[in-house]
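This report concerns only the one structure given below.
Note: hydrogens, waters and symmetry copies are ignored here, and every other heavy atom, side chains too, is used. Letters A, B, ... mirror the listed sequences (proteins, then strands); counts begin at 1.
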Number of protein chains: 2
Amino acid sequence: MDKKVAEHVAEVLKTLAHPARLEIIELLETKEMCVGDIVTALGVKQAITSQQLNMMKDKGVLSCRRNGTKVYYRIENKSVIRLLHCIYDHCKTKKP
Amino acid sequence: MDKKVAEHVAEVLKTLAHPARLEIIELLETKEMCVGDIVTALGVKQAITSQQLNMMKDKGVLSCRRNGTKVYYRIENKSVIRLLHCIYDHCKTKKP
DNA sequence: TCGAATTATCACTATATAATAATATAACAC
DNA sequence: GTGTTATATTATTATATAGTGATAATTCGA
């Protein structure tokens with residue numbers, strides 16, 4: 001693994017390495033959701049949620065569409081779902 | 001995924017989310033290595049390497065043994081290897 | 001016990017990330 | 001247009017992480 005690849009992989013991991021962002025991705029795994037519903041589901045403040053959503057959009061993980069006053073987010077990079085499942089498996093099988 | 005799980009997963013990801021740490025794990029995938037050899041292989045300063053190694057030991061990813069003046073590090077939590085392979089696959093298949 | 005080799009730690013600066021509160025913007029109904 | 005709902009942005013503070021240079025600690029052999 002050369003430096004460039006390592007930096008890229010580290011970037012991807014940093015994008016996911018936050019509790020709220022992990023929960024957002026899980027919420028969006030099977031459906032798109034508007035910001036307000038995500039805020040409610042997470043119990044996290046609106047500004048923070050908006051910042052995290054925007055951050056993940058910048059990184060290409062999410063995308064969004066506006067419908068009236070609401071903005072619906074969805075997973076743009078589907079392979080993060082598979083990646084997260086690997087990570088959950090890892091965390092389950094870590095101890096033994 | 002509840003908050004506790006999300007926080008734990010985020011912790012694991014943060015532990016891996018650094019280029020030098022990723023390279024160290026890759027180096028140690030098949031063998032243990034002493035600090036000096038890791039420093040040489042990475043081309044990263046000794047102090048930084050030592051700090052990263054210690055950090056990953058704290059998190060349970062690595063362990064070490066001393067032999068004379070040298071300290072040999074190895075992967076303690078083998079499942080991170082599988083996890084990293086998932087991540088590499090993800091990064092390869094991301095674009096399409 | 002002295003010195004060399006190896007690794008760890010410390011104090012510090014720099015930088016990045018997170019969280020907060022307040023405010024701004026966008027879309028729409030009226 | 002005005003008011004309302006929904007979302008985004010900004011400025012600020014707090015906190016965490018990274019990197020640096022110097023120094024300390026450990027081990028061993030002479």
Using atom types as modelled, flag every donor-acceptor pair under 3.5 Å from a side chain in residues 12-19 of chain A to any protein atom, sequence neighbours excluded.
| from | atom 1 | to | atom 2 | distance (Å) |
| --- | --- | --- | --- | --- |
| T15(A) | OG1 | E11(A) | O | 2.8 |
| H18(A) | ND1 | A20(A) | N | 3.1 |
| H18(A) | NE2 | Q52(A) | NE2 | 3.3 |

Task: Between C1' of dA18(D) and CG of L42(B), the distance in whole Å - done: 15 Å
Task: Residues that K3(B) engages under salt bridge (Lys or Arg N to Asp or Glu O under 4.0 Å), provided they are two or more places apart - done: E23(A)
Open item on the list: Rounding to an integer number of Å, can you tell me how far N54(A) CG sits from dT7(D) C1'?
Closed with: 11 Å
Task: Partners passing side chain to side chain contact (heavy atoms under 4.5 Å, CB included) against V5(B) (at least two apart in sequence or in another chain) - done: M1(B), D2(B), V9(B)
Open item on the list: What residues from residues 13-31 of chain A pass a heavy-atom cutoff of under 4.0 Å to DNA chain C?
Closed with: K14(A), H18(A), R21(A)
- [ ] Tell me, please, which residues at least two apart from Q46(B) pass side chain to side chain contact (heavy atoms under 4.5 Å, CB included).
- [x] V39(B), S50(B)
Task: Distance in angstrom units between L53(A) CG and dA6(D) P, rounded - done: 16 Å
Open item on the list: Using a 4.0 Å heavy-atom cut-off to protein, can you give one letter per nucleotide of nucleotides 20-30 of chain D, 5' to 3': B if the base is in contact, S if only the sugar-phosphate is, - if neither?
Closed with: BB-----BS--
- [ ] Send over the distance from K57(A) NZ to dT9(D) C1', rounded to a whole Å.
- [x] 13 Å
Task: Residue K4(B) excluded, over 12 heavy atoms near NZ under 6.0 Å - done: no
Open item on the list: Strictly by salt bridge (charged side-chain N to carboxylate O under 4.0 Å, His left out), give each pair with a member in residues 62-72 of chain A just once, sequence neighbours left out.
Closed with: E32(A)-R65(A)
Open item on the list: If the test is side chain to side chain contact (heavy atoms under 4.5 Å, CB included), which one of L53(A), V44(A), I75(A) qualifies with I24(A)?
Closed with: L53(A)
- [ ] To the nearest Å, give me how far apart NZ (K70(A)) and C1' (dT25(C)) are.
- [x] 18 Å
- [ ] Measure from CG on D58(A) to P on dT9(D) and round the result to the nearest Å.
- [x] 9 Å
Task: Distance in angstrom units between M55(A) CE and dA19(C) C1', rounded - done: 14 Å
- [ ] Output every pair passing salt bridge (charged side-chain N to carboxylate O under 4.0 Å, His left out) with a member in residues 36-57 of chain B, not counting sequence neighbours, ordered by first then second residue.
- [x] none
Task: Sequence-distant partners of E7(A), side chain to side chain donor-acceptor pair (under 3.5 Å), two or more places apart - done: none
TODO: Would you mind reading off the bend of the helix from dT1(C)-dA30(D) to dC30(C)-dG1(D) from its two end axes, five pairs each, to 10 degrees?
DONE: 10°
Open item on the list: Classify Y73(A) by what it touches in the nucleic acid, base, sugar-phosphate, or nothing, heavy-atom distance under 4.0 Å.
Closed with: sugar-phosphate
TODO: Give every residue pair that meets the disulfide (SG to SG under 2.5 Å) criterion with at least one member in residues 44-89 of chain A, sequence neighbours excluded.
DONE: C86(A)-C86(B)
Task: For S63(A), side chain to side chain contact (heavy atoms under 4.5 Å, CB included) partners two or more places apart - done: R74(A), E76(A)
